[in-house]
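For reference, the structure discussed in these notes is given below.
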Amino acid sequence: MTNDDMIAYNPKQVEIEAQAYWDAHSSFKATEDPDKEKFYCLSMFPYPSGHLHMGHVRNYTIGDAISRFQRMLGKNVLQPMGWDAFGLPAENAAMQNKVPPASWTYSNIDYMRDQLQKLGYAYDWERELATCHRNYYKWEQWFFTRLYDKGLVYKKEAEVNWDPVDQTVLANEQVVDGRGWRSGALVERRNIPQWFVKITAMAQELLDDLDKLEGWPEKVKIMQSNWIGRSEGVNLDFEIAEPTDASLRSLSVYTTRPDTLMGVTYIAVAPQHPVAIKAAKTNSRLAQFIAEQNQIKVAEAEMATMEKLGMDTGLKAIHPINGEGVPIYTANFVLMSYGSGAVMAVPGHDQRDWDFARKYGLEIKQVVEPLSGEVICDLNREAFVEKGRLINSGQFNGLNFTEAFEAIAAYLTERGRGEKTVNYRLRDWGVSRQRYWGAPIPMINCDACGAVPVPESELPVLLPEDIEMDESGSPLGKMAEFYKTNCPSCGAAARRETDTFDTFMESSWYFARFACKDQNTSMLDARANYWLPVDQYIGGIEHAILHLLYARFYHKLLRDEGLVNSDEPFARLLTQGMVLKDGAKMSKSKGNTVDPMSLIDRYGADTVRMFTMFASAPDQSLDWSDSGVEGSYRFLKRFWKQLSEHEALPLPEMNSLTLSAEQKKLRLKSHQTLAKVTDDYKRRHTFNTAIAATMELLNAISKFSEDHQDETDRIVVQEALEFSVLMLAPIVPHFCHAAWQRLGHEGAAMDVLWPEVAESALVQDNALIVLQVNGKLRSKIEVSRGISKDELEKLALGDDIIQRFISKGSVRKVIVVPGKLVNIVTG
RNA sequence: GCGGAUGUGGCGGAACUGGUAGACGCGCUAGAUUUAGGAUCUAGUGAGCUUUGCUCGUGGAGGUUCGAGUCCUCUCAUCCGCACCA
């Protein structure tokens, strides 16, 4: 052993050398090759907020470990990286630092790219893209005009949070306790015209195709399914008694419980409902109430958690079956954006209606009784919400839920007062933002022609980057040179749309653009179909619904345009958990962040990568621990020393037949570990247990090496060490790059094929059998694997310790699980 | 409020198919080494007790089973999402 071999582990040097090797060999450049099985591994791209946080490090280390593992399996791996570059924080930073959002964003990208490179991720940097580049958003604008031509986008009025002092639209995040975060003014809901994409047209397919996503966590599919919220019910009309306005003769409601129709005792409409607004014209108290309800931010959680309030509009609705008049209330828990903005209230059989009826002294009527006498129904205490048998419902008495549903639906249909309907909770995707730092919506508003899409030849509609931001929102609306234009259709003077796209538009197709980001004559090309779908997608659980649903939708739109040939963008999904510190989410506002770069400076990237992968399973939350990082560093140092103490090649080939029992045992451990780790990487994605198993193997090697030093011993140890290095190579790639060479090999660990488990090494003669008495562990015996059930039972009953426990009572039953355990039940 | 998850030693976690609870690591204790500190190495480490061993123990309360951290019912706590944060 030379002095050179004993050099202590120097992460900085190891990492610089490994990265230099990968750079020199363009190791991560991905090229389309139809003869090789492809593997597209993608981590959700970051918003360039300034610097990497631990959540990024965790996300990208998981993706990198999977990429490198798949590469070692011999696949043609693509792992790209880019920037979700548009968004609100750039505008805030611009105001704070008096720097244009564009230059702030570009310098952040440069800084963060450097950070990612220090972490040694196996990205094909030639494919890097940023969504704020004209070559990216040009195609997004083009695609939007295609969707417009197909009738898949439309304009309608929708509510926003309006700050009356700053005269600007606020994001939900910018509304704190009902007030604008800068001005402190009470926000108001305001209706403005906005663009929508018809995602509801694809609601059923988005729901149905969840079944195809076998590689997705069940919880994410359930969340998406609930979000889409398909329900079957009945749409029906209530006429309004004594209408004073011809346009407001009736109001329509949707219900999934038409069986309770005879129990309706009032109607509740949203404060924004035309009926409420109409009634308020002659009722100042009602107008006041509605105005108060409009000072609540536009967020469902806000609505759902506030006190349920309502007020009588004074109007009456005519029950479509019995013709009786029921009062129409306006209530703050009815959402204008869901269904028709009005609900029929059945306080006897809906808890929220019951609570409201109690509060306002409205009638509670029972029309459903339990099917069995054991079920309690006491409408004085709470609503009876279960399905049952109809009572107090005239001709429908005695029917069960299904019969009543059909009979009442048929009754209403015959009389033209209603019909069966499938309803979705999902709403169309509003893509207009009254913001500057986003992709301009490529539309032109002409007085004569209306909204006209910008022709392809004039795309992209460039976002001017050299601007100044102030508190009063987007500068685009004040820039005549931006918005003054001519109508592409009639040539008259017209005004360009000054709203920009929701940033979810950019993140809904970037995965496809990575395949062909240099393509300048079309949005996508054939390379997209080589790489897509993404084989493994990794990102935070917080994206379980919105981003992932929009991306699935967009992918289907791309398919319908003939740009991709798959139905779904992401074959497998891994949702990583949050990074916590002291039990709370690591965040700037809580002041509990840990800077990855200072740790990398101190311990090296491999230690940081190792700790984030070891501390917990990727889909669980990760509790940050400084001493845990220290432990990972210690492990690498120990491993380095262990490698130095081993005399590596040249050694002869292993002859498995001549191994001693001890040598066989270590070889068994090596191959058992390899089998486990392979499964952990490939199927379970539990890198924490893969690392733990490798540590166990290294502990076993240590113990073995203490008194085994001959040549055959070293052959067995060489194999065990090689396995260990290759098994950790996806997680601590720099370390393993150097370690592989220390084990006497030329070339790079990352180019080595994943080793194969030798079945012959796994053969064991004996099995350890657990002996239980009444389910409690009492003894263990080692028996030959070939032993019969009867013999095993006999051996178990004859065991000394077992004898002591069963001598008191009689043996009633013996359960034998071959190769595992014997449980003796006494009585 | 609705939807989804999580809960196991002093701490992070393991136990994959109902079959040895606590792998692996951190921390701690003792010892070795060291002028000291640090680093390193060795051993121990769920709790309790009448300590060759026994009893208890996976948020709580019930249940199913020869056997439950794992399955079922109820319940408590914490976290995430709720459509303009990304």
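Labels below follow one simple rule: chain letters A, B, ... track the order of the sequence lines, proteins then strands, and each chain is numbered from 1.
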Exercise for the section: With syn defined as a glycosidic angle within 90° of 0 and anti as everything else, classify B/U75. Expected result: anti
Fill in the blank from the handout: Relative to its sugar, using the 90° cut-off around 0, the base of B/G4 is anti
Above 12 or not: heavy atoms from other molecules or residues under 6.0 Å from [atom1] of [X]?
X: A/D177; atom1: CG; value: no
X: A/R358; atom1: CZ; value: yes
X: A/R602; atom1: CZ; value: no
X: A/K359; atom1: NZ; value: yes

[X] (side chain) and [N] (base): donor-acceptor pair under 3.5 Å:
X: A/R812; N: B/C66; answer: no
X: A/Q174; N: B/C85; answer: no
X: A/N172; N: B/C84; answer: no
X: A/E159; N: B/C84; answer: no

Problem - Per-nucleotide protein contact string for nucleotides 37-49 of chain B, where B marks a base within reach and S marks sugar-phosphate only (heavy atoms under 4.0 Å, - for neither) - result: --SSS--------
Handout entry: Criterion side-chain contact (heavy atoms from CB on, under 4.5 Å) on A/D679 and A/K682, from CA distance to verdict
Key = CA-CA 5 Å; A/D679 185 50; A/K682 201 187 269 181; 5.7 Å; no
For atom [atom1] of [X] and atom [atom2] of [N], their distance in whole Å:
X: A/L580; N: B/U78; atom1: CG; atom2: P; result: 15 Å
X: A/E300; N: B/C84; atom1: CD; atom2: P; result: 12 Å
X: A/D623; N: B/G9; atom1: CG; atom2: C1'; result: 16 Å
X: A/L210; N: B/G4; atom1: CG; atom2: P; result: 14 Å
X: A/I441; N: B/C84; atom1: CD1; atom2: C1'; result: 12 Å

Just to be sure I understand the rule, does [X] reach a base, reach only the sugar-phosphate, or reach nothing, if contact means heavy atoms closer than 4.0 Å?
X: A/A301; answer: base
X: A/F614; answer: base
X: A/M578; answer: sugar-phosphate
X: A/T694; answer: nothing
X: A/K676; answer: base

Practice task
Using the P atoms only, state how far B/A77 lies from B/G59, rounded to an integer number of Å.
Solution key: 16 Å
Practice task
Using the C1' atom as the reference point in each nucleotide, state the distance between B/G9 and B/G44 in Å, no decimals.
Solution key: 15 Å
Problem - Watson-Crick and G-U pairing of RNA chain B written in dot-bracket, each distance under 3.5 angstrom, with | for inter-strand partners - result: (((((((..(((......[....)))((((((.......))))))((((...))))..(((((..]....))))))))))))....
Exercise for the section: Using heavy atoms to find the nearest nucleotide of RNA chain B for A/R425 and A/R778 separately, return the residue whose nucleotide is more 5′. Expected result: A/R778
Completion exercise
5'-most contact on RNA chain B (nearest-nucleotide basis), A/S621 vs A/F504, goes to A/S621
Practice task
Please name all residues satisfying side chain to side chain donor-acceptor pair (under 3.5 Å) with A/D166, sequence neighbours left out, ordered by chain then number.
Solution key: none
